[in-house]
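Heads up, the thing below is written out as structure tokens.
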Amino acid sequence: MKALMQTTLFLAASLLAGAAAAQTEVPKQVKIVVPFTAGASNDAIARAIAPQLAARFGNIVIVENRGGAAGAIGSEYVARSPKDGSVLLLTSSTFLTTAATQPHLPYDPLKQFAPVAMIGQGPLVIAASAQTPYTSLKQLLEAARAKPGALNYGSAGVGSLAHLAAVMMDDAAGTDMTHVPYKGAANAASDLAGGLIQVMLSNYSTLAPMVQGKKVKLLATTAQESSPAFPDLQPAAHALPGYSVQIWVGLFAPAGTPQPYIDKLNAALNDISTTPEMKALLDLDGTVPVRMDSAEFGARVRDELALWQGIARKHGISSE
């Protein structure tokens, strides 16, 4: 009888060990989907991550671009993918602003995705055309208050992060600037340099050539506190207490992916984000690596989605 009980316990333990191993088993091939066109910053980050993940896990990791609909096409593809970690989504804060301004998406950003890891985050920069007289955010906001609607700001499109961040700034400052949506941030940056629009909130890399050419000047960051990437720029919170917008890059898996595998990915990505190669890529946009577990990232996603949904509802913003 004793021998039978020992055998039974051994079999049960073996089954549990086998189940745990199956949950943490890494797929032989993993596809990282980037829901934007090739060549963008998210694409570059994904292609830097892929070989490092492959080296750690001993598998094949490829990157596939599925752009369109402000990231919705690629995101839907991942949402409907197997729940085994073989298909992952590398995206940015756009994942949430798209969800906030497209209420009829074919997926639920909270219910159909499991946040894995935030790779890095950083502020947007607030810039003005060199043809304007403003040398600080305070001066810009004073001019905007004096003449409601007179200042134009550009963005990559209705419902983009820069658009919602500017609306949020208008609310905080009591200003009313005019939004000029473009098909892509590069087009808006070109018109900012030409003086056709006066203001733009953007990631730094989009504006860098114009800043270096002295056609665009940086006034502030959208950070709550001073950013190590922009030590000479004041955070917008100095003029607008409480104002803070960060753009982040992160990895998601389909909801239902085993948590032990997500934890394994999280640990790997937390390490990879601090490698010299990744740091060099993140530096281009003033982004810094962030170490947080999947639960912390999930809480951040929920909070930010609620924030952008509230702004979109308040101002009737829809990108559909």
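Across all non-hydrogen atoms, the minimal contact from N266 to M292 is ND2-O, 2.9 Å. Minimum interatomic distance between A255 and K111 (heavy atoms only, all atoms of both residues): CB-O, 3.2 Å.
Note on L53 and V290: separate hydrophobic clusters, where clusters join Ile, Leu, Val, Met, Phe, Trp and Tyr whose side-chain heavy atoms are under 4.5 Å apart, directly or indirectly.
Listed by chain and number, the residues in a salt bridge (Lys or Arg N to Asp or Glu O under 4.0 Å) with K138 amount to none (sequence neighbours excluded). Scanning for ring pair (Phe, Tyr, Trp, His ring centres under 6.0 Å) contacts around Y77 gives an empty result, with sequence neighbours left out.
Judged by distance alone, with hydrogens and angles left aside, the side-chain atoms of N59 form no donor-acceptor pair with the main-chain N or O of Q29 at under 3.5 Å. D293 places a side-chain N or O within donor-acceptor distance of the main-chain N or O of A295, the cut-off being under 3.5 Å. A donor-acceptor contact shorter than 3.5 Å is absent between the side chain of T175 and the backbone of M177. Panel note: side chain S155, backbone G157; a donor-acceptor pair is recorded below 3.5 Å. Between the N65 side chain and the G67 main chain, no donor and acceptor come within less than 3.5 Å of each other. Between the side chain of K217 and the backbone N or O of Y134 there is at least one donor-acceptor pair closer than 3.5 Å. Checking side-chain atoms of S129 against main-chain N and O of L192 turns up a donor-acceptor pair under 3.5 Å. The main-chain N or O of T98 is never found under 3.5 Å from a side-chain atom of Q102 such that the two would form a donor-acceptor pair. Proximity of a side-chain donor or acceptor of S273 to a complementary backbone N or O of P289 within less than 3.5 Å is not detected. Here the side chain of Q198 pairs a donor or acceptor atom with the backbone of N152 at under 3.5 angstrom.
Among residues at least two apart or in separate chains, salt bridge (charged side-chain N to carboxylate O under 4.0 Å, His left out) pairs with a member in residues 54-64 are K31-E64, R56-D271, E64-R66.
S92 OG to N42 CG: the interatomic distance, rounded to the nearest 0.5 Å, is 4.5 Å. The CG atom of L151 sits 8.5 Å away from atom OG1 of T132, with the distance rounded to the nearest 0.5 Å. Here the CG atom belonging to L284 is positioned 10.5 Å from the NZ atom belonging to K279, to the nearest 0.5 angstrom. Separating the OG1 atom in T91 from the CG atom in L251 is a distance of 10.0 Å, to the nearest 0.5 Å. With values rounded to the nearest 0.5 angstrom, E304 atom CD is found 6.5 Å from W248 atom CH2. To the nearest 0.5 Å, atom OG1 of residue T274 and atom CG of residue L282 are 10.0 Å apart.
Screening F297, F113, W308 against F95 for a ring pair (Phe, Tyr, Trp, His ring centres under 6.0 Å) leaves a single residue, F113.
Within the 4.5 Å cutoff, no side-chain heavy atoms of D191 are placed close to those of M200.
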